[in-house]
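Report on the following structure.
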Amino acid sequence: MSTETEAAAVDVGTPPPAGWEEARSRVYAVGLSAALPAVARPLADTDGHTLAEPLTTRTDLPAFPTSSVDGWAVRGAGPWQVVGRVLAGHTAPPLAADGTTVEIATGAMVPTGTTGILRIEESTRAADGRVAGTPRPQPEWREPGEEARLGEELLPAGTPVDPAVIGLAASCGHDTLRVRRAPRAALLVFGDELLTSGPPGAGRVRDALGPSVPAWLRRYGCQVRGGDVVGPVADTLPAHVAALRGALANADLVCTTGGTMHGPVDHLHPALEALGADYVVNTVAVRPGFPMLLARMADADGRVRFVAGLPGNPQSAVVALVSLVAPLLAGLTGRAMPVLPQVTLAEPVAGRGEQTHLALVRWDRVAGTAHPVRHVGSAMLRGLAGADGFAVIRPGTSGAAGDRVPLVPLPLTSGERP
């Protein structure tokens, strides 16, 4: 859809568009209210999920005093008679008498009665086997609870699980975690004019969203399987209803591309009505991407699913993803609403009247500056391919060089958090 067509969209009977910030807050809240159920998963299977409850320690960390160095655990004044050795993974017998020592390895349990640890490289051995040297004044071991105390909350519910979180949970003694699973998403591509292979021509255009939207969804933490991408779906109401019903049978979120207006072959709205959906957001005052929507359906058993209607123009579709889908997914997984970083505009960016303008920019993370890119029409992808995110120009304003504005970052890797 061209910019001119978007500008005329409000004249075809749609309700007043929601403000962009209002829309984000609304979809996050409805997602949070329908947060996916918590499940217990083995640690190895939790990467990419979200903590459903706080991560607490099952023991003091460390659970017992542990040596920080290789050396000698000594009692009293030296020189010391060697009475044994303690290695990591073994229980150390007490040092019962002054003038005695045991050889100790890094990470090993410090024996009761130890008054100091002498580093191996700072020690000497006499001909009679006794150890001499001067322990450093600071203790060379970690005390129990130095990192955390039994039952202490280390991370709140809503924390994304990554390898560092998994390692921390293991160190606390957890074998499983209660997490919210990754949402399952599906994609329906609407439009008889679309080609799925080869170059465009003869009035038909290549489908750019069928291959790319699933990748965006995965980067936002969704599961998207091969059979979850369907299309192009025929431009008829029965075909749209059937495709939506089929996708909703297994998915928590169904994204559609195209058909978000009320033209002669735009069947998404009638299909949603036929399926008993309720609108959470129906059009957003943002450019590009105005004709986007999010609808909600609830089964008799209380299961809630969502349909995100993305515009057919590729850049507009991505605007809908960052505007509606990202906050929704944060809510569904129990995560916090994504906080937008602030950047400094390196060049002026025009406003879009009473609509929010999401302007594609390259983000210099070192300098903290945002540089507008070219080729940013709603039907273009060239600018998007070289961008890092969208600078947010609020309604009724324009961006001058040097202005501080919010930035909606694009997820750059499949492992990056939403």
Side-chain angles (χ1 to χ4, degrees), residues 40-49 51 53-156 159-179 366 413 415 417:
R41 292 279 175 86
L43 284 184
D45 297 335
T46 58
D47 188 26
H49 292 62
L51 291 181
E53 59 188 23
L55 177 65
T56 59
T57 58
R58 299 184 64 191
T59 179
D60 288 342
L61 287 182
F64 47 83
T66 57
S67 179
S68 304
V69 297
D70 292 330
W72 305 93
V74 302
R75 175 168 176 168
W80 300 274
Q81 183 68 42
V82 179
V83 296
R85 166 194 272 187
V86 57
L87 301 177
H90 295 269
T91 301
L95 279 175
D98 287 348
T100 59
T101 183
V102 293
E103 188 176 7
I104 193 166
T106 300
M109 181 178 181
V110 177
T112 301
T114 297
T115 58
I117 292 181
L118 174 64
R119 294 190 175 206
I120 192 74
E121 65 271 20
E122 297 174 359
S123 68
T124 59
R125 297 289 295 270
D128 62 2
R130 290 189 298 171
V131 174
T134 303
R136 296 188 181 187
Q138 295 299 320
E140 298 274 27
W141 64 80
R142 299 175 61 217
E143 295 285 359
E146 184 178 301
E147 183 175 359
R149 289 293 182 185
L150 169 67
E152 183 177 342
E153 180 177 322
L154 303 180
L155 296 170
T159 299
V161 178
D162 60 16
V165 173
I166 294 172
L168 178 61
S171 73
C172 296
H174 292 277
D175 302 313
T176 63
L177 288 176
R178 288 188 61 79
V179 294
V366 175
T413 66
R417 298 167 180 170

Side-chain heavy-atom pair Leu168, Glu147 within 4.5 angstrom cut-off | yes
Give the intermediate values and the outcome of side chain to side chain contact (heavy atoms under 4.5 Å, CB included) for residues Thr159 and Leu55.
-> CA-CA 9 Å; Thr159 299; Leu55 177 65; over 6 Å; no
Glu121 atom CD, over 12 foreign heavy atoms within 6.0 Å = yes
Sidechain-backbone polar pair: Arg58 side chain, Ser171 backbone, donor-acceptor under 3.5 Å = no
Heavy-atom closest contact (Ala73 atom, Thr114 atom, distance) = CB-OG1, 3.8 Å
Please report the shortest heavy-atom distance between Ala92 and Val86, naming the atom on each side.
-> CB-CG2, 3.6 Å
Walk me through it: do Ile120 and Val69 pass the test side chain to side chain contact (heavy atoms under 4.5 Å, CB included)?
-> CA-CA 8 Å; Ile120 192 74; Val69 297; over 6 Å; no
Quick one: closest heavy-atom pair of Cys172 and Thr57, and the distance?
-> SG-CG2, 3.6 Å
Might you confirm whether atom CZ of Arg125 has over 12 heavy atoms from other residues, nucleotides or ligands at distances under 6.0 Å?
-> yes
Between Arg130 (side chain) and Pro79 (backbone), is there a donor-acceptor pair under 3.5 Å?
-> no
Out of curiosity, Asp47 CG to Arg41 CZ, how far, rounded to the nearest 0.5 Å?
-> 12.0 Å
What's the verdict on side chain to side chain contact (heavy atoms under 4.5 Å, CB included) for Leu177 and Leu43, showing C-alpha distance, side-chain angles and the deciding distance?
-> CA-CA 6 Å; Leu177 288 176; Leu43 284 184; 3.5 Å; yes
Rounded to the nearest 0.5 angstrom, the CG-CE distance for Leu87 and Met109 is 14.0 Å
Which atom names give the shortest non-hydrogen contact between Thr56 and Glu153, and what distance separates them?
-> CG2-CA, 3.9 Å
Can you find a side-chain donor-acceptor pair between Trp72 and Thr101 that sits under 3.5 Å?
-> no
Applied to residues 70-96, the salt bridge (charged side-chain N to carboxylate O under 4.0 Å, His left out) test, sequence neighbours excluded, yields Arg75-Asp98, Arg85-Glu103
Shortest non-hydrogen pair, Leu51 vs Pro156, comes out as CD1-O, 3.8 Å
Heavy-atom closest contact (Val110 atom, Ser67 atom, distance) | CG2-N, 3.7 Å
Which of these passes side-chain contact (heavy atoms from CB on, under 4.5 Å) with Leu95: Thr112, Val74, Val83?
-> Val83
With a 4.5 Å limit on heavy-atom distance, are the side chains of Ile104 and Trp141 in contact?
-> no
